[in-house]
Structure formats: structure tokens, C-alpha cells
Amino acid sequence: MSIAQSAVIHPMALVEEGAEIGEGAKIGPFCTVGPNVKIGARTELRSHVVVTGRTTIGEDCEIFPFASIGEIPQDLKFGGEDSTLQIGDRNRIREGVTMNTGTEGGGGVTKIGDDGLFMANCHVAHDVHIGNRVILVNNASVAGHCIIDDNVIVGGLSGVHQFVRIGKGAIIGAVSMVTNDVIPYGLVQAPRGHLHGLNLVGLKRKGVSRADITALRAAYQMMAQGEGTFQDRTRRLGEESDSEYVQDIVAFVTGSSDRSFLTPE
């Protein structure tokens, strides 16, 4: 363990053997710091913060209560391999933020630049690379393998799909779903909220037969077009198809619900 003499560690904090704490750093009550963590000079963990994994945090950062920094990825392919989270200087990480380490398939490193602001309950997934002066507003989520360049703002309750790149200076409006790359200085806004097709990738990964996928494609087209209401067209599917996957759709649509449906366009 390497703890600078000027570091202040609350007696109710747990700093495990092997951790490195820099000059003037402050570790507040009920914080947990793992054995492979390095915390830079003057960085402060307010209280109830968990920093674990092979995580390096730079200088002059502030991390607020209930943030979880450096936990393993939320990726079913993760096999326990060594990976890291690298956080730069002067970042402000607010309450409930989660940042995960990388995976072998994504290069093994999640990286955060300098001077960022990560508001309450944001999520930064595995293998994400974020530049300098980036702001993630409350409840924004960045999925795995994304690249977010300098001076980007991601609005509240927005989601960035895995492998998306967002160019420098771009802004993402609140409650937006970003599924494609965004040019530098671009403006993205409005939710996606439309039913555009079937989850064919998921079906194929599950090993669903080609015959069932073909039946689902035909069912989707029938639900989108034809006589009667959406519910009427769906009920007819139950009489015309013996695919168990189509029958699942029929049962869902004809079941009890207090909500309307996103319908095929």
C-alpha cells in the first residue's frame, strides 16, 4: 500500500492493501478502494464510493456518493480477463455514476479524458473512449465500444448505441437514442420511438430456424398491411400460422394490457 502522508482517509473508509493514494487526496466515510486502484493527488471521494478493479484516477477529481467506478463489464462475454479503467484529471463524477473496465474483445481499456462532467446516474460501459471536456447529463448511458470526442454533450436520458462514434463538438438532445455515427459539431435530437422491424440479429443468435424467421417476416408484413385494425390482423395470424414464434406475438397482442402498441410502419 502506498498512501501519501498528506492524504486524508476517514476511519470508516476501507482502503485495501496495494492501493495507491496521492498527495492531498481525500477518502470519505464508507468508501471502498480496491487493491489495484491508483488515485491521484487532491482527488476526493466524498462518501459511499466504490472504486475497484485496475482503475487509475487522475488528479483533482471529485467523485460523489454511491458512484461505482471500475467494476467488471456488463458483458456476458467477459471472462474475468485483466482490463482497466483510466480516468484523467479534473473530472466531476456525480451520484450513482457507473463506469466499467474494458474487455479483451474491445482492447481491454475504458478511457476517460480530462475536465469531464458526468451527472447523476450516468453509465459508461466497457471499452468506451471519452475525450476531454465531455458532459453526460443525468441518466445518459453510453454503451460498449463507443468513441466520444472532445467537447461533446449528451443530453439527459439519452442512450448511445454500442460502437457509435460521436465527433468533437457535437450535441445530443435529451431523450434521444443515437444508433449511428454523429459528425463533428452535429446536432442530434428527438427520440426514436418507432417500430421498424424484427430483431433478426437476436433471433439468429438464438438459433431460430430459417422457416420460423421467414414466418415472422411474413407475419410482420401482415400486421403492417391489410384490412381491419392492428389487433384484427394479428388475430388472423393466429389462425394462419403454426409457428410458435408467431403465436407468441399473437398471444402478446391479444392479451390484457393497459397500453397501446408500437405498430409497424
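Numbering of residues begins at 1 and proceeds along the displayed sequence.
- In this structure, Glu104 places its CD atom where only 12 or fewer heavy-atom neighbours from other residues, nucleotides or ligands lie under 6.0 Å away.
- Within the 3.5 Å criterion, the main-chain N or O of Gly173 finds a donor-acceptor partner in the side chain of Ser158.
- Among residue pairs with one or both ends in residues 174-185, those qualifying as salt bridge (charged side-chain N to carboxylate O under 4.0 Å, His left out) are Arg165-Asp181; sequence neighbours excluded.
- A heavy-atom distance below 4.5 Å is found between the side chains of Asn100 and His123.
- Side-chain contact check for Tyr245 versus Ile249: every heavy-atom pair is 4.5 Å or farther apart.
- The same ILVMFWY cluster, assembled from side-chain heavy atoms under 4.5 Å apart, contains both Leu200 and Met222.
- Atom CD1 of Ile130 sits about 6.5 Å away from atom CE of Met99, to the nearest 0.5 Å.
- Environment of CG in Asn199: crowded, with over 12 heavy atoms of neighbouring residues, nucleotides or ligands closer than 6.0 Å.
- Using a 4.5 Å cut-off on side-chain heavy atoms (C-beta onward), Leu85 and Val124 make no contact.
- Rounded to the nearest 0.5 angstrom, Lys111 NZ and Ile147 CD1 are separated by 11.5 Å.
- Between the CD1 atom of Ile153 and the CD1 atom of Ile148 there is a distance of 12.0 Å, given to the nearest 0.5 Å.
- With hydrophobic clusters built from ILVMFWY side chains whose heavy atoms lie under 4.5 angstrom apart, Val154 does not share a cluster with Leu117.
- With hydrogens and angles ignored, the 3.5 Å screen pairs no side-chain donor or acceptor of Asp149 with any backbone N or O of Gly169.
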Stepwise side chain to side chain contact (heavy atoms under 4.5 Å, CB included) test for Val49 and Ile93: CA-CA 11 Å; Val49 175; Ile93 300 171; over 6 Å; no
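- Between Gly28 and His10, the closest heavy-atom pair is C-CB, 3.7 Å.
- Thr110 contributes a side-chain N or O that, together with a main-chain N or O of Asp127, makes up a donor-acceptor pair within less than 3.5 Å.
- To the nearest 0.5 angstrom, Arg94 atom CZ is 11.0 Å from Cys122 atom SG.
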Show every donor-acceptor pair shorter than 3.5 Å between a side-chain atom in residues 60-71 and any protein atom, with sequence neighbours excluded, or say none if there are none.
| from | atom 1 | to | atom 2 | distance (Å) |
| --- | --- | --- | --- | --- |
| Asp60 | OD1 | Arg42 | NE | 2.8 |
| Asp60 | OD2 | Arg42 | NH2 | 3.2 |
| Glu62 | OE1 | Arg92 | NE | 3.1 |
| Glu62 | OE1 | Arg92 | NH2 | 2.9 |
| Glu62 | OE2 | Arg46 | NH2 | 2.8 |

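- Cluster annotation: Val178 is not connected to Phe163 through the hydrophobic network of ILVMFWY side chains, with a link wherever side-chain heavy atoms come within less than 4.5 Å.
- The minimum heavy-atom distance linking Ile57 with Thr43 is given by the pair CG2-CG2, 4.1 Å.
- Phe118 and Val137 fall into different hydrophobic clusters, where Ile, Leu, Val, Met, Phe, Trp and Tyr residues are linked whenever their side-chain heavy atoms come under 4.5 Å apart, directly or through other members.
- Scanning all heavy atoms of the two residues, the minimum distance from Gly197 to Tyr220 falls at N-OH, 3.1 Å.
- Contact check for Arg54 versus Thr101: no side-chain heavy atoms found under the 4.5 Å cut-off.
- The backbone N or O of Thr229 sits nowhere less than 3.5 Å from a side-chain atom of Gln231 that would complete a donor-acceptor pair.
- Checked against the 6.0 Å centroid threshold, His129 and His145 do not count as a close aromatic pair.
- Ring orientation note: the planes of Phe261 and Phe252 are nearly perpendicular, at an angle over 60° on the 30°/60° scale.
- The side chain to side chain contact (heavy atoms under 4.5 Å, CB included) test with Asn132 is passed by exactly one of Asp150, Ile112, Asn91, Asp89: Asp150.
- Here the closest heavy-atom approach between residue Cys146 and residue Gln162 is recorded as SG-CA, 4.0 Å.
- Looking at Gln247, its side chain does come within 3.5 Å of a backbone N or O of Ser241 through a donor-acceptor pair.
- Here salt bridge (charged side-chain N to carboxylate O under 4.0 Å, His left out) pairs that include residues 214-223, with residues two or more places apart or in two chains, number zero.
- For the atom pair CG (Leu14) and CD1 (Ile9), the distance works out to 10.0 Å, reported to the nearest 0.5 Å.
- Scanning all heavy atoms of the two residues, the minimum distance from Pro73 to Gly102 falls at CG-O, 3.4 Å.
- Residues Ile27 and Ile39 have side chains in contact (heavy-atom distance under 4.5 Å, counting atoms from C-beta outward).
- In this structure, the side chain of Thr103 does not engage the main chain of Ser83 through any donor-acceptor pair within 3.5 Å.
- Leu203 and Leu237 fall within a single hydrophobic cluster, where Ile, Leu, Val, Met, Phe, Trp and Tyr side chains are chained together by heavy-atom contacts under 4.5 Å.
- Val160 is not listed as a side-chain neighbour of Val128, based on a closest heavy-atom distance of 4.5 Å or more.
- When every heavy atom of Ser243 is checked against every heavy atom of Ala215, the shortest pair comes out as CB-CB, 4.0 Å.
- A distance of 13.0 Å separates OG of Ser141 from NE2 of His161, quoted to the nearest 0.5 Å.
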